[in-house]
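The structure appears right after this line, and notes come after that.
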Amino acid sequence: MLEKVKELIGDVQSFKTTSKEEIEVFRIKYLGSKGLLKELFNEFKTVDASLKKDLGQALNNLRNAASEKVQELNDSLESNTETKNFYGDLTRPSEPIELGSRHPISIVRNRIIEVFSKIGFTVSEGPEIEDDWHNFTALNLPEYHPARDMQDTFFIEKDPDLLLRTHTSSVQVRYMENNEPPIRTISPGRVFRNEDISARSHCIFHQVEGLYIDTDVSFADLKQTLLYFTKEMFGKSKIRLRPSYFPFTEPSAEVDIYWGLETEIDYKITKGTGWLEIMGCGMVDPNVLKNANIDPEKYTGYAFGMGIERIAMLLYQIPDIRMFYENDVRFLEQFKSVL
Ligand code: PHE
């Protein structure tokens with residue numbers, strides 16, 4: 001009988017299954033109320049006393065082995081079903097991923113950068129919180145200069161003087177201070193002006209300003225660059241330059257492009273003339289070069305600056321500047337671009 005019990009222990013230990021039903025059959029076979037162990041223990045009562053010690057031990061071993069086996073098989077079954085529930089059906093087709101879209105301001109900014117980088121302009125950036133020197137004084141706008149009023153400013157602190165930059169011309173001052181000519185750079189970025197919010201203007205908007213400094217740079221170079229830009233950007237090559245005033249450029253001009261009068265929105269944004277002002281520009285004032293330690297006797301340069309919102313409104317026929325900042329998904333999801 002001892003041999004038989006030992007054999008059974010071997011059977012129990014090598015038993016394997018992943019089926020719940022088979023585990024139950026196994027349990028009943030060994031541990032059930034009419035199971036093998038019950039039978040064996042009954043038989044045990046009748047054996048000779050001298051055999052009882054070894055046999056009793058073996059029977060206990062068999063019982064323990066059988067209940068451990070049942071426990072072990074049930075445990076592994078449970079952890080299997082747990083992982084299955086966690087991952088679900090791995091062969092199921094996946095949920096479609098909703099792609100976001102780029103903000104129209106980013107699309108237009110990237111496009112402007114692309115157009116200018118084709119003719120060798122690099123991109124430069126600077127801080128949105130500026131000091132008076134970089135935003136005004138170095139740009140030929142000393143304290144009390146009346147032209148400071150052209151750009152209503154959010155001042156932060158008097159000492160040290162800090163303000164929110166009103167244009168990215170401040171980045172160009174920084175660039176000139178840190179780089180030798182020839183300089184060819186554009187500065188895209190966010191700017192701030194203390195203005196009432198309306199359909200046409202906002203207190204936060206975006207600009208791209210450009211700067212080109214080298215020996216013998218002339219107004220003709222500026223004009224050619226502007227023509228190239230309007231052609232690439234809008235597919236339109238009719239522009240006009242109107243004399244204007246900026247403290248940091250001399251002479252200065254405002255650039256209009258002929259947009260046409262095809263749609264109702266064209267009428268609205270060009271006020272019925274077909275012409276639209278898109279940027280300011282001019283030859284860098286010698287004082288500005290001097291302030292940035294560039295010799296105005298040796299170098300000349302041109303600069304220009306445009307608002308990204310305005311161009312995006314034109315390109316996408318957006319009637320109200322406030323739509324850019326409302327984060328309305330119905331508005332934003334209309335813009336898809338690889339740029
Ligand atoms: N900085 C000017 C503005 O914000 C734009 C400008 C840049 C005009 C460079 C002329 C030359 O209005």
Side-chain angles (χ1 to χ4, degrees), residues 105 109 112-113 116 121 123-128 130-142 145-154 163-176 183-195 200-214 217-226 229-230 239-257 276-289 291-292 294 296 299-311 321:
I105 299 291
R109 183 201 52 210
I112 296 172
I113 291 174
F116 280 107
F121 280 78
V123 175
S124 49
E125 286 181 339
E128 291 176 1
E130 259 303 357
D131 51 33
D132 188 277
W133 171 257
H134 292 99
N135 198 77
F136 290 127
T137 310
L139 288 161
N140 210 22
L141 275 155
H145 193 291
R148 285 196 178 203
D149 291 346
M150 281 165 75
Q151 301 177 350
D152 291 319
T153 310
F154 286 113
L163 47 85
L164 295 178
R165 68 180 177 197
T166 56
H167 49 189
T168 54
S169 303
S170 57
V171 181
Q172 311 196 324
V173 176
R174 285 175 182 278
Y175 196 87
M176 285 189 281
I183 286 172
R184 223 181 310 176
T185 186
I186 50 169
S187 324
R190 195 181 338 210
V191 299
F192 308 84
R193 291 194 195 168
N194 193 356
E195 274 171 25
R200 293 182 57 82
S201 67
H202 209 286
C203 57
I204 300 175
F205 59 100
H206 298 77
Q207 278 190 329
V208 178
E209 297 218 352
L211 177 70
Y212 181 29
I213 295 172
D214 203 346
V217 179
S218 71
F219 205 92
D221 296 321
L222 169 59
K223 200 177 153 194
Q224 282 310 313
T225 308
L226 295 175
F229 171 71
T230 46
I239 63 171
R240 72 182 179 196
L241 294 164
R242 270 182 299 110
S244 183
Y245 171 76
F246 297 104
F248 25 87
T249 45
E250 181 59 36
S252 305
E254 221 108 33
V255 183
D256 298 343
I257 58 171
L276 201 95
E277 180 198 319
I278 52 160
M279 63 171 118
C281 66
M283 301 305 291
V284 180
D285 193 292
N287 276 335
V288 176
L289 296 176
N291 287 338
I294 292 174
Y299 295 106
T300 48
Y302 64 71
F304 55 85
M306 65 192 109
I308 301 181
E309 277 78 354
R310 181 149 244 244
I311 291 173
I321 196 170

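Atoms within each ligand, like the ligands themselves, are counted from 1 in listed order. The figures here come from the full heavy-atom set of this structure, side chains too, leaving out hydrogens, waters and symmetry mates.
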(message) Holding to ring-ring contact (aromatic ring centres under 6.0 Å, His included), I want the full list of residues that pass it with Phe121, two or more places apart in sequence or in another chain.
(response) Phe116
(request) Please identify each residue that fulfils ring-ring contact (aromatic ring centres under 6.0 Å, His included) with Tyr212, with sequence neighbours left out. (result) Tyr302
(request) Take atom CZ of Arg240 as the centre, draw a 6.0 Å sphere, and report whether it contains more than 12 heavy atoms from other residues, nucleotides or ligands. (result) yes
Using a 3.5 Å cut-off on N/O to N/O, what pairs does ligand 1 make with the protein? A line per pair would be great.
{"unit_1": "ligand 1", "atom_1": "1 (N)", "unit_2": "His167", "atom_2": "ND1", "d": "3.0"}
{"unit_1": "ligand 1", "atom_1": "1 (N)", "unit_2": "Ser169", "atom_2": "OG", "d": "3.1"}
{"unit_1": "ligand 1", "atom_1": "1 (N)", "unit_2": "Glu209", "atom_2": "OE2", "d": "2.7"}
{"unit_1": "ligand 1", "atom_1": "4 (O)", "unit_2": "Gln151", "atom_2": "NE2", "d": "3.4"}
{"unit_1": "ligand 1", "atom_1": "4 (O)", "unit_2": "Arg193", "atom_2": "NH2", "d": "2.8"}
{"unit_1": "ligand 1", "atom_1": "4 (O)", "unit_2": "Gln207", "atom_2": "NE2", "d": "2.8"}

(request) Compute the centroid of each ring, for His167 and then for Phe246, and state whether the two points are separated by less than 6.0 Å. (result) no
(request) Apply salt bridge (charged side-chain N to carboxylate O under 4.0 Å, His left out) to Glu128 and list each qualifying residue two or more places apart in sequence or on a separate chain. (result) Arg190
(message) Using a strict threshold of under 4.0 Å (side-chain N to carboxylate O), is an ion pair present between Arg200 and Glu195?
(response) no
